[in-house]
Every structure is written in structure tokens, then in C-alpha cells.
Amino acid sequence: MAADHTGSTGFVHHACLYGSDAEFLAMAVPFVWDGLAAGEPVLAATTPANIELLREALGESAHHLDTAETAYFGRRPVERVSAFLRYHERRARPGRRTRMIAEPVWAGRSARQTAEWKRMESGLNVLLAGLPVWMVCPYDTRVVPSDVAEAAVATHPVRLDGERQAPCASYTDPAAYAAAVEGPVASCAPPSAARTEPTGDAAVLRRFARERAAGAGLTGDRLALAELAAHEAAAYLLAPEGARVTLRAWEEPGAVVYELRRMEREGGGRVGPGDGHGAVPDAAVPPFAGYRPPAPACDSHGAEDGLWLARSLGDSLEVRARGPETVLTLRVAGPGDAERL
């Protein structure tokens with residue numbers, strides 16, 4: 001019987017690299033059976049083919065298994081994290097662990113999307129820490145790129161082969177991993193990018209963001225959402241008193257890009273207004289800030305809730321520390337993105 005030998009009552013995160021249907025079932029069937037026998041909620045978010053294989057292997061027990069086609073179980077990383085949390089919150093049972101088979105979709109993703117999903121896989125170790133969730137992320141080595149397979153054992157502490165567990169020797173601290181995963185060179189602002197002067201006025205940044213989006217051809221709701229996403233990202237960086245932000249904006253095919261930079265003082269603390277003196281206490285942006293949705297019962301709107309909104313409204317949001325600067329790069333759909341029309 002497959003058992004969690006880590007001794008953890010919190011989040012357990014395993015990778016399973018499989019190269020055949022038989023290898024997938026060798027992991028999935030015992031994992032599901034043991035969970036159902038223990039009265040635990042069990043979700044299989046995987047490919048339609050794997051769901052069919054699993055149902056056939058489980059027989060009548062398949063009626064008690066929750067399933068989701070993984071391509072629609074959170075299209076983007078921020079949506080994926082919300083889907084995991086939503087499933088756990090709805091199905092959690094006192095004194096029981098929640099089990100999830102969570103297979104990401106890698107085929108057809110751009111280099112930028114792949115980098116973001118790799119960061120999210122690593123970030124789950126932080127974002128879900130403490131939750132009584134046992135998650136196994138299968139990687140089909142027949143179709144996933146070699147760099148993705150390598151990332152699997154760097155973003156998961158343990159590898160699961162059938163029922164055998166083994167620590168991943170190349171597992172990397174999530175914050176260090178997120179900093180090391182580089183996106184495309186296009187993440188850097190081109191020399192022609194429009195920019196503001198450093199400012200602590202959120203209204204100035206919001207107005208600039210709207211003007212650039214309108215200049216790119218966005219109108220109506222799409223213009224309003226682009227403005228709101230940029231505003232929320234800027235508000236997050238400006239949350240500490242005295243912080244100042246520079247906003248750059250430019251167009252890429254299918255996207256409007258905003259780059260927000262907050263200068264940090266050497267030795268800690270952000271540069272204050274005026275002559276640069278009066279730094280506020282340093283508080284670097286955590287690499288996985290804004291992935292968790294706001295708590296349902298919370299009436300207040302915190303800075304990180306705003307960053308979650310920016311992630312949700314945009315196509316992607318990257319967090320980087322570049323020397324003495326903290327950089328947020330936000331992409332929103334441009335006028336040529338037919339999916340948003």
C-alpha cells in the first residue's frame with residue numbers, strides 16, 4: 001500500500017516521472033485506493049486518457065474519485081493555485097488528508113509560460129505549506145521536454161516511482177529556484193519604452209498605465225482591466241510609506257507590457273522621497289506573492305490581495321530582484337489577442 005513516509009502532517013509534494021501507461025497506473029492506483037479506503041477526498045487532475053485508464057483500473061471504486069481534465073483545471077498558474085485551494089476547502093474532512101494527482105500541461109507552452117509553470121511548481125512548496133494535502137505531480141516523459149523533466153526533480157522534494165519514494169537530490173529551495181528560472185530576453189524593457197519618473201503617487205502611475213494601454217489600442221473593458229492590473233501591481237510596491245516606483249510600458253505582439261521598478265537602498269531599505277534620505281525598512285517582494293486568492297471571509301483589501309488581482313487580470317506577472325531594484329513585469333492582453341475580444 002502506498003503510504004506517506006515523510007512523517008509530515010502538512011503539505012507533501014511528490015513528482016512522478018512515468019514513461020508508460022503501466023508506470024502511471026503503478027503510482028496512481030495505490031495512491032487513489034489508499035486515499036479512498038482512509039475516507040480521504042481524492043482528486044485526479046490529469047489527461048482524459050489517464051482518467052479513463054484510472055477509472056477502468058479502479059472499477060466500482062471510480063465512483064468515489066473526483067476527476068478534472070487538467071487542461072481546464074486552472075489555465076494559468078495563479079488560477080491553478082486557486083483551483084487547488086478551492087478543492088481542498090470544499091472537500092476537506094476533519095482529521096483527513098486531501099490527496100491530489102495534479103498533472104501539469106506542458107505541450108505547446110511558450111518559453112515564458114513554461115518558466116512560469118516551473119516557478120509555480122516550486123512555489124507550491126511554500127504556497128500550500130501547512131495544509132494537510134498530499135500532491136503527486138505526474139510528468140509523462142514520452143511527451144514532456146527534457147528541461148521540464150529535469151525541473152520536476154528540482155521543484156519536488158520527493159520522487160514517487162510506483163509505491164517507492166526517494167528524495168530528489170537536486171531539489172532546490174523554492175526562492176532560489178524562482179530566482180534562477182529565467183524567462184525570455186524580451187522581459188527587459190526596450191530602449192524605446194515610455195517611462196515615468198520615480199514617484200510615490202499611485203494616481204500618476206495609474207494614469208500613465210491607462211494612457212499607454214489606450215495608445216496601444218485597448219478600449220472599453222479591456223482598457224479598464226489593464227489599468228486596474230497595473231494599478232494593483234504599483235500599489236503593492238508602494239505599500240510601504242516612502243517607496244517610489246518607476247513604470248515603463250511598451251508593446252509586444254499580442255500584449256502590452258508594464259515594468260515597475262522600486263529602488264532599494266544598499267544595505268536595506270527603500271529610497272524615500274525628496275533627496276533620497278529617509279529610507280523605509282526593507283521588505284523584498286516574496287517571489288510567490290500574489291498567488292493565493294484573498295481569504296473569503298476577509299473584508300479588508302490587503303496589498304498582496306491586489307497583487308493576486310494583478311496576476312489574475314494579466315497574462316503573466318514576473319517578480320525579480322535586479323541588484324538594488326525589485327522589478328515586477330506585468331503583461332496584459334493586447335488589442336491583437338483574439339481570445340480576449
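Count residues from 1 along the sequence.
A salt bridge does not link Glu40 to Arg97: none of the charged nitrogens lies less than 4.0 Å from a carboxylate oxygen. A salt bridge is defined here as a Lys NZ or Arg NE, NH1 or NH2 lying under 4.0 Å from an Asp or Glu carboxylate O, and Glu318 with Arg112 meets this definition. For the pair Arg331 and Glu252, the salt-bridge criterion is met [side-chain N within less than 4.0 Å of a carboxylate O]. Salt bridge status for Asp315 with Arg76: absent, with no side-chain N to carboxylate O gap under 4.0 Å.
A 6.0 Å sphere centred on CD of Glu69 holds more than 12 heavy atoms belonging to other residues, nucleotides or ligands. Counting heavy-atom neighbours within 6.0 Å of Arg90 CZ, excluding the residue itself, gives a total of 12 or less.
Between His156 and His14, a ring centre-to-centre spacing not shorter than 6.0 Å is recorded.
Between the NE2 atom in His88 and the CE atom in Met135 there is a gap of 10.5 Å [rounded to 0.5 Å]. Within the model, atoms CZ of Phe288 and CG of Leu127 stand 7.0 Å from one another, a figure rounded to the nearest 0.5 Å. Expressed to the nearest 0.5 Å, how far CG of Asp140 lies from CG of Leu17 amounts to 9.5 Å. Put simply, CG on Leu65 and OG1 on Thr67 are 6.0 Å apart, with the number rounded to the nearest 0.5 Å. Residue Asn125 holds its CG atom at 10.5 Å from OG1 of Thr172, rounded to the nearest 0.5 Å. Here the CZ atom belonging to Phe31 is positioned 7.5 Å from the CE atom belonging to Met27, to the nearest 0.5 angstrom.
Under a cutoff of 6.0 Å and an axis angle of 45°, Arg212 and Tyr258 do not form a cation-pi pair. In this structure, Arg292 is not positioned above the aromatic face of Trp308 in the sense of NZ or CZ being under 6.0 Å from the six-membered ring centre and within 45° of the axis.
For the residue pair Tyr236 and Asp305, no side-chain donor N or O sits within less than 3.5 Å of a side-chain acceptor on the partner. Defined by atom type and a distance below 3.5 Å, a donor-acceptor pair is missing between the side-chain atoms of Thr155 and Glu121. Side-chain polar atoms of Ser82 and Arg311 form no donor-acceptor pair below 3.5 angstrom.
Of the residues listed (Glu211, Glu227, Glu232), the one engaging Arg206 in a side-chain hydrogen bond (donor to acceptor under 3.5 Å, both in side chains) is Glu227, and it is the only one.
Of all heavy-atom pairs spanning Leu54 and Ala44, the tightest one is CD2-CB, 3.9 Å. In terms of heavy-atom proximity, Leu218 sits nearest to Ala226 at CD1-CB, 3.9 Å. The two residues Asp66 and Tyr87 make their nearest non-hydrogen contact at OD2-OH, 2.6 Å. Residues Val153 and Ser170 approach most closely at O-OG, 3.1 Å, considering heavy atoms. Heavy atoms only, all atoms of each residue included: Leu317 and Ala310 are closest at CD1-CB, 4.4 Å. Here the closest non-hydrogen pair linking Asn50 and Thr46 is ND2-OG1, 3.1 Å.
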Residues Ile101, Val32; criterion side-chain contact (heavy atoms from CB on, under 4.5 Å); working and verdict: CA-CA 9 Å; Ile101 294 173; Val32 171; 3.9 Å; yes
Full working for side-chain contact (heavy atoms from CB on, under 4.5 Å) between Tyr18 and Tyr139: CA-CA 6 Å; Tyr18 69 98; Tyr139 289 68; 5.7 Å; no
Trace of the side-chain contact (heavy atoms from CB on, under 4.5 Å) decision for Arg261 with Arg248: CA-CA 8 Å; Arg261 291 178 175 245; Arg248 291 177 171 86; 3.1 Å; yes
side-chain contact (heavy atoms from CB on, under 4.5 Å) between His13 and Val158, worked out: CA-CA 7 Å; His13 198 201; Val158 175; over 6 Å; no
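Under the 4.5 Å side-chain heavy-atom criterion for Ile, Leu, Val, Met, Phe, Trp and Tyr, Leu238 and Phe208 are members of the same hydrophobic cluster. Grouping the Ile, Leu, Val, Met, Phe, Trp and Tyr side chains by contacts below 4.5 angstrom, directly or via other members, places Val332 apart from Val327. Tyr171 and Trp117 sit in two unconnected hydrophobic clusters of ILVMFWY residues. Membership requires side-chain heavy atoms under 4.5 Å apart, directly or through other members. Using a 4.5 Å cut-off between side-chain heavy atoms of Ile, Leu, Val, Met, Phe, Trp and Tyr, with links allowed through other members, Val204 and Leu330 fall into different hydrophobic clusters. Val319 and Leu205 fall within a single hydrophobic cluster, where Ile, Leu, Val, Met, Phe, Trp and Tyr side chains are chained together by heavy-atom contacts under 4.5 Å.
Between the Asp161 side chain and the Arg164 main chain, no donor and acceptor come within less than 3.5 Å of each other. In this structure, Arg210 contributes its side chain and Leu223 its backbone to no donor-acceptor pair below 3.5 Å. Between the side chain of Arg96 and the backbone N or O of Ala38, at least one donor-acceptor pair lies under 3.5 Å. In this structure, Arg244 contributes its side chain and Arg262 its backbone to no donor-acceptor pair below 3.5 Å.
Contact annotation: the side chain of Ile51 never approaches that of Thr47 to less than 4.5 Å [non-hydrogen atoms, C-beta and beyond]. The closest side-chain heavy-atom distance from Leu260 to Thr246 is not below 4.5 Å. In this structure, Glu116 and Arg119 have side chains that are in contact, with non-hydrogen atoms separated by less than 4.5 Å. Considering only heavy atoms from C-beta on, Val133 comes within 4.5 Å of Met100 through its side chain. The side-chain heavy atoms of Tyr291 and Pro77, taken from C-beta on, include a pair separated by under 4.5 Å. Inter-residue side-chain proximity for Phe73 and Phe84 is flagged as met; some heavy-atom pair is nearer than 4.5 Å.
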